[in-house]
Amino acid sequence: MSFIKKITMTAFALSFTMCLVPQANAAIITPIITPGTFIGGNGNAGESLASTRYRAFFTSAAQQENFLGIPSLGTAANRVGQDINWGNLTTETFFDFSFQYDKTNDMLISILGNNVLQYTDWSTKLAANTNKTKTASDLNAFQISIGDRSTTSSVRLKSLVLDGISLGDFTGSDTYLDWLVTGPDLNLTDGFILSGQLGLQGTTWPTNPETSVVNLTAGWDARGFSPAQVPAPGAFGLFALGLFGLFATRRFKS
């Protein structure tokens, strides 16, 4: 094999291998959704960093039905809250919702119908939180949790989409279910939008506001992925060079 042909074949093989490296912000993301797992759970390291909660699906003026902030949302200092009128839920009712991290304005946003809740200066407050070691730059996982521990009601999430990626539907049962969502191309650190519909139906709802509940949480998990790497500079140039060399070799032989 001639020296020129050896160089050509080497460049072609190298460039082809380099082009196989996933690109950052690739259009196709394959999330990993595993029922029964959760951020930092099952013996894995992790921290929940941002969360919104929908709860208290029964009518009560004494309860706030939506919390937003830094987990644990059970700590009043970590959250903001608002009242939501769920209305009559004897037939299944769907509420459009979204949970967002607006990086430009450094805020978390929870929207349900016409109800809007904002948690400002999130990354600053997160960095100052003595119970957290991770920051906004560490986001790599998302958790979907449904508590539907009542036989007289049903809670489900329909048509969930995370940053343009369809996650599907999630239905509660008579226990507390968690799903971990992560993927090699999922980049939550630049901000995110999770949207979908919250479906509720109940003839009788538990009076404990945490018996039937939905938690949506972003955080860091040891099982998460870092954003995919961009192909090394010149990879596509090498690929073109290899093709040119092969063409030139064939022409020379003919």
Side-chain angles (χ1 to χ4, degrees), residues 22-26 29 31-33 37-41 44-55 64-82 84 96-112 115-145 157 160-165 167 178-196 198 213-230:
Q23 300 180 51
N25 302 320
I29 302 175
I32 299 172
I33 307 173
T37 63
F38 52 96
I39 292 177
N44 293 276
E47 286 187 9
S48 53
L49 305 176
S51 184
T52 190
R53 175 181 299 169
Y54 298 115
R55 61 175 210 149
Q64 287 184 314
E65 289 78 23
N66 183 203
F67 289 155
L68 177 68
I70 301 172
S72 161
L73 295 183
T75 303
N78 290 355
R79 71 181 192 232
V80 292
Q82 68 175 342
I84 293 177
D96 293 328
F97 76 88
S98 69
F99 174 36
Q100 308 175 25
Y101 164 38
D102 181 349
K103 182 177 181 179
T104 301
N105 295 300
D106 192 20
M107 68 170 61
L108 304 176
I109 305 170
S110 178
I111 301 175
L112 188 136
N115 302 278
V116 180
L117 187 60
Q118 297 179 342
Y119 187 83
T120 59
D121 300 322
W122 169 66
S123 67
T124 301
K125 294 173 182 175
L126 180 64
N129 192 305
T130 57
N131 292 321
K132 306 295 181 182
T133 63
K134 300 298 181 179
T135 67
S137 62
D138 295 307
L139 290 174
N140 74 343
F142 212 96
Q143 175 182 321
I144 299 167
S145 303
L157 298 172
L160 263 60
V161 177
L162 179 58
D163 284 346
I165 306 303
L167 303 181
D178 304 277
W179 293 264
L180 180 69
V181 182
T182 186
D185 296 315
L186 196 62
N187 189 359
L188 303 176
T189 61
D190 287 340
F192 60 78
I193 299 177
L194 175 74
S195 61
L198 170 61
V213 63
V214 170
N215 284 313
L216 306 171
T217 306
W220 172 82
D221 192 282
R223 293 161 291 181
F225 293 81
S226 298
Q229 296 177 348
V230 179

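All heavy atoms count here, side chains included; hydrogens, waters and symmetry mates do not.
Here CG of Asp163 is found 9.0 Å from OG of Ser195. Values are rounded to the nearest 0.5 Å. Atom CZ in Arg55 sits 11.0 Å away from atom CD1 in Ile84 (nearest 0.5 Å). Here the OG1-CG distance, from Thr104 to Asp190, works out to 9.5 Å after rounding to the nearest 0.5 Å. Separating the CZ atom in Phe67 from the CG atom in Asn78 is a distance of 11.5 Å, to the nearest 0.5 Å. Going from atom OG of Ser98 over to atom CZ of Phe192 covers 10.5 Å, rounded to the nearest 0.5 Å. Rounding to the nearest 0.5 Å gives a distance of 12.5 Å between CD of Gln143 and OG1 of Thr182.
Here the closest non-hydrogen pair linking Ala141 and Leu180 is CB-CD1, 3.9 Å. Between Tyr54 and Ile111 the shortest heavy-atom distance is OH-O, 3.5 Å. Across all non-hydrogen atoms, the minimal contact from Phe99 to Leu216 is CE2-O, 3.5 Å. Minimum interatomic distance between Leu49 and Thr135 (heavy atoms only, all atoms of both residues): CD1-O, 3.6 Å. The heavy-atom pair separating Leu68 from Leu73 by the smallest distance is C-CD2, 4.0 Å. When all heavy atoms are compared, the tightest approach of Leu117 to Gly81 is CD1-O, 3.8 Å.
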The test is side chain to side chain contact (heavy atoms under 4.5 Å, CB included); show your working for Ile32 and Phe225 and say whether it passes. CA-CA 10 Å; Ile32 299 172; Phe225 293 81; 3.4 Å; yes

Worked verdict on Asp102 versus Ile109 for side chain to side chain contact (heavy atoms under 4.5 Å, CB included): CA-CA 7 Å; Asp102 181 349; Ile109 305 170; 4.2 Å; yes

Evaluate the criterion side chain to side chain contact (heavy atoms under 4.5 Å, CB included) for residue pair Asn115 and Asn66; output intermediate values, then yes/no. CA-CA 9 Å; Asn115 302 278; Asn66 183 203; over 6 Å; no

Show the numbers, then the answer: is there a side chain to side chain contact (heavy atoms under 4.5 Å, CB included) between Ile144 and Asp178? CA-CA 6 Å; Ile144 299 167; Asp178 304 277; over 6 Å; no

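Thr75 places no side-chain N or O within donor-acceptor distance of the main-chain N or O of Ala77, the cut-off being under 3.5 Å.
For the pairing with Ser48, the side chain to side chain contact (heavy atoms under 4.5 Å, CB included) check across Thr217, Ile70, Asp221 returns one residue only, Thr217.
For the pair Tyr101 and Leu139, the minimum side-chain heavy-atom distance is below 4.5 Å. Using a 4.5 Å cut-off on side-chain heavy atoms (C-beta onward), Leu160 and Val181 make no contact.
Annotation: side chain to side chain donor-acceptor pair (under 3.5 Å) contacts involving residues 118-132, sequence neighbours excluded, comprise Asp106-Ser123.
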